[in-house]
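Contents: one structure, followed by commentary.
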Number of protein chains: 2
Amino acid sequence: MDNRPVTERRRTLGALLRLPYEALQREVYGGLAARGFPEIRPAHSAVFRHIGPDGARLTALAERAGMTKQSMAYLVDGLEEAGHLRSAPDPNDGRARIVQLTAKGDRVLEALLDLSAEAEARVADRIGKRRAAKLRRALEEWVEAIGAGTG
Amino acid sequence: MDNRPVTERRRTLGALLRLPYEALQREVYGGLAARGFPEIRPAHSAVFRHIGPDGARLTALAERAGMTKQSMAYLVDGLEEAGHLRSAPDPNDGRARIVQLTAKGDRVLEALLDLSAEAEARVADRIGKRRAAKLRRALEEWVEAIGAGTG
DNA sequence: TCCATTCGTCAGTCTATCTGACGATCACTA
DNA sequence: TAGTGATCGTCAGATAGACTGACGAATGGA
């Protein structure tokens with residue numbers, strides 16, 4: 001009798017996205033740790049992805065990342081404590097706080113982009129340059145169709 | 001000056017996997033809730049994906065899912081309480097417990113696969129049948145190259 | 001000048017993972 | 001066959017990362 005779990009027969013598209021995604025995360029955050037930033041966890045990417053060179057308000061970061069300001073504050077506090085961010089009161093709005101990358105934070109962002117590019121190059125090596133390019137284009141079109149922000 | 005966050009210029013492959021994955025999850029688990037199973041959360045898929053028609057030991061489930069037995073026990077307990085699983089002592093091993101899907105659990109698994117297939121069909125509608133097929137093949141090859149289990 | 005809105009924080013909750021320790025049981029071997 | 005080391009599942013506790021609700025301070029428009 002066939003007692004294999006159903007998903008061994010044909011993987012769902014969800015699994016086909018999840019498994020590479022998790023592998024990619026291990027590569028990128030492992031690489032970040034190897035480069036001297038073991039404190040950076042996947043959740044922190046929400047900050048690095050959305051902050052921009054001139055910094056941003058906490059609320060703006062939260063909105064761009066699609067999460068509550070409380071959750072974003074939790075991430076920002078950790079990064080600030082580790083010296084990746086600095087924050088200062090907004091001179092134009094006494095309620096607000098402008099969060100910015102420090103030089104150390106800049107290096108993390110750079111490493112993050114480097115490691116992502118390297119990982120993508122390794123994918124191209126494994127499945128072929130043409131196929132990898134098609135994969136990227138298909139995903140870009142899908143994301144476009146979803147109409148997603150950067151999450 | 002250009003103050004856009006870096007990731008608005010070119011998305012990393014990670015983001016290109018994550019955004020569709022999250023969209024897919026919303027569709028699938030939203031659909032599951034609409035079909036009368038609002039208690040099923042994404043983490044539970046680790047159980048449904050790996051259990052198989054004859055059931056499995058807790059430890060086997062944990063190992064297949066790549067998590068600790070304590071974590072798997074947490075998921076299994078929730079599903080058992082909700083009537084999706086039943087568990088019985090293993091007649092061949094006094095230490096072990098065999099976990100199995102109930103009829104209700106079978107319906108969830110069926111719905112999960114249905115909804116995944118529907119979501120995949122919608123992707124094909126949006127980005128084109130050919131491109132969707134290429135996307136699936138590229139991802140399958142990538143997963144193969146990783147040598148991943150089903151996670 | 002008032003009042004509704006917005007900004008960030010405090011407090012508490014929940015989910016989903018982890019580690020460490022442990023009693024019960026099994027399976028092998030001396 | 002008795003002893004012992006490995007394995008099964010559970011207990012207890014910690015942590016990350018998200019949430020909701022409430023709130024004081026500051027803003028800005030009527």
Side-chain angles (χ1 to χ4, degrees), chain A residues 18 21-22 25-26 29-30 32-33 37-51 55-82 84-100 151, chain B residues 18 21-22 25-26 29-30 32-33 37-51 55-82 84-100 151:
Chain A
R18 188 174 44 83
Y21 178 62
E22 288 171 357
Q25 283 228 323
R26 278 191 298 274
Y29 289 89
L32 220 45
F37 304 112
E39 71 278 18
I40 306 294
R41 296 186 298 269
H44 293 135
S45 72
V47 180
F48 290 101
R49 275 201 307 275
H50 297 109
I51 192 164
R57 286 189 181 184
L58 187 62
T59 302
L61 284 178
E63 211 247 309
R64 289 176 205 164
M67 58 171 60
T68 62
K69 47 195 182 169
Q70 294 95 321
S71 297
M72 181 53 77
Y74 164 76
L75 297 174
V76 163
D77 285 351
L79 289 174
E80 190 166 0
E81 207 163 324
H84 299 288
L85 298 176
R86 88 177 70 82
S87 72
D90 185 340
N92 303 121
D93 187 337
R95 297 166 300 178
R97 177 182 158 198
I98 302 287
V99 181
Q100 247 185 318
Chain B
R18 188 175 44 84
Y21 178 61
E22 289 172 356
Q25 284 228 323
R26 280 191 297 275
Y29 290 89
L32 220 45
F37 304 112
E39 71 278 16
I40 305 295
R41 296 188 299 271
H44 293 136
S45 72
V47 180
F48 289 101
R49 275 201 306 278
H50 297 108
I51 192 164
R57 287 191 179 183
L58 187 61
T59 301
L61 284 178
E63 210 247 309
R64 290 175 204 164
M67 60 172 57
T68 61
K69 48 196 182 168
Q70 294 94 322
S71 297
M72 181 53 78
Y74 164 75
L75 297 174
V76 162
D77 285 352
L79 289 173
E80 188 165 2
E81 207 163 326
H84 299 288
L85 297 177
R86 90 177 70 84
S87 72
D90 184 340
N92 303 120
D93 187 337
R95 297 166 302 176
R97 179 181 155 197
I98 302 286
V99 181
Q100 246 185 319

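Proteins come first, then strands; the chains are lettered A, B, ... in the order of their sequence lines, and each starts at number 1.
Every residue two or more places apart in sequence or in another chain was checked for a side chain to side chain donor-acceptor pair (under 3.5 Å) with B:Arg26, and none qualifies. With sequence neighbours excluded, the residues forming a side chain to side chain donor-acceptor pair (under 3.5 Å) with A:His84 are A:Glu39, listed by chain and number. In this structure, the side chain to side chain donor-acceptor pair (under 3.5 Å) partners of A:Asp77, at least two apart in sequence or on a different chain, are A:Arg97. B:Tyr29 meets the side-chain contact (heavy atoms from CB on, under 4.5 Å) test with B:Gln25, B:Leu32, B:Ile40, B:Pro42, B:Ser45, B:Leu112; sequence neighbours excluded.
Rounded to an integer number of Å, the gap from CZ of B:Arg41 to C1' of D:dA18 is 13 Å. Taking atom OH on A:Tyr74 and atom C1' on C:dT13, their separation rounds to 15 Å, with Å as the unit. Rounded to whole angstrom, the span from the CG atom of B:Asn92 across to the P atom of D:dT7 amounts to 19 Å. Rounded to whole Å, atom P of D:dC19 lies 10 Å from atom CG of A:Leu75. In this structure, the CG atom of A:Asp77 is 15 Å from the C1' atom of D:dA18, given to the nearest Å.
A donor-acceptor contact under 3.5 Å is formed by the side chain of A:Arg95 with the base of C:dT6.
Not one side-chain nitrogen or oxygen of B:Arg57 sits closer than 4.0 Å to the OP1 or OP2 atom of D:dG9. Here B:Arg97 does not reach the OP1 or OP2 of D:dC8: none of its side-chain N or O atoms lies under 4.0 Å away.
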Interface polar pairs with nucleotides 18-21 of chain C, N/O, under 3.5 angstrom:
residue : atom : partner : partner atom : Å
C:dC18  : OP2  : B:Thr68 : N            : 3.1
C:dC18  : OP2  : B:Thr68 : OG1          : 3.0
C:dC18  : OP2  : B:Ser71 : OG           : 2.7
C:dT19  : O4   : B:Gln70 : NE2          : 3.3
C:dG20  : O6   : B:Gln70 : NE2          : 2.5

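Of the candidates D:dA26, D:dA18, C:dA16, D:dA26 carries the atom nearest the A:Asp93 side chain, counting heavy atoms from C-beta on.
Where the helix from C:dT1-D:dA30 to C:dA30-D:dT1 starts and where it ends, the local axes point in directions that differ by 10°; five pairs per end, rounded to 10°.
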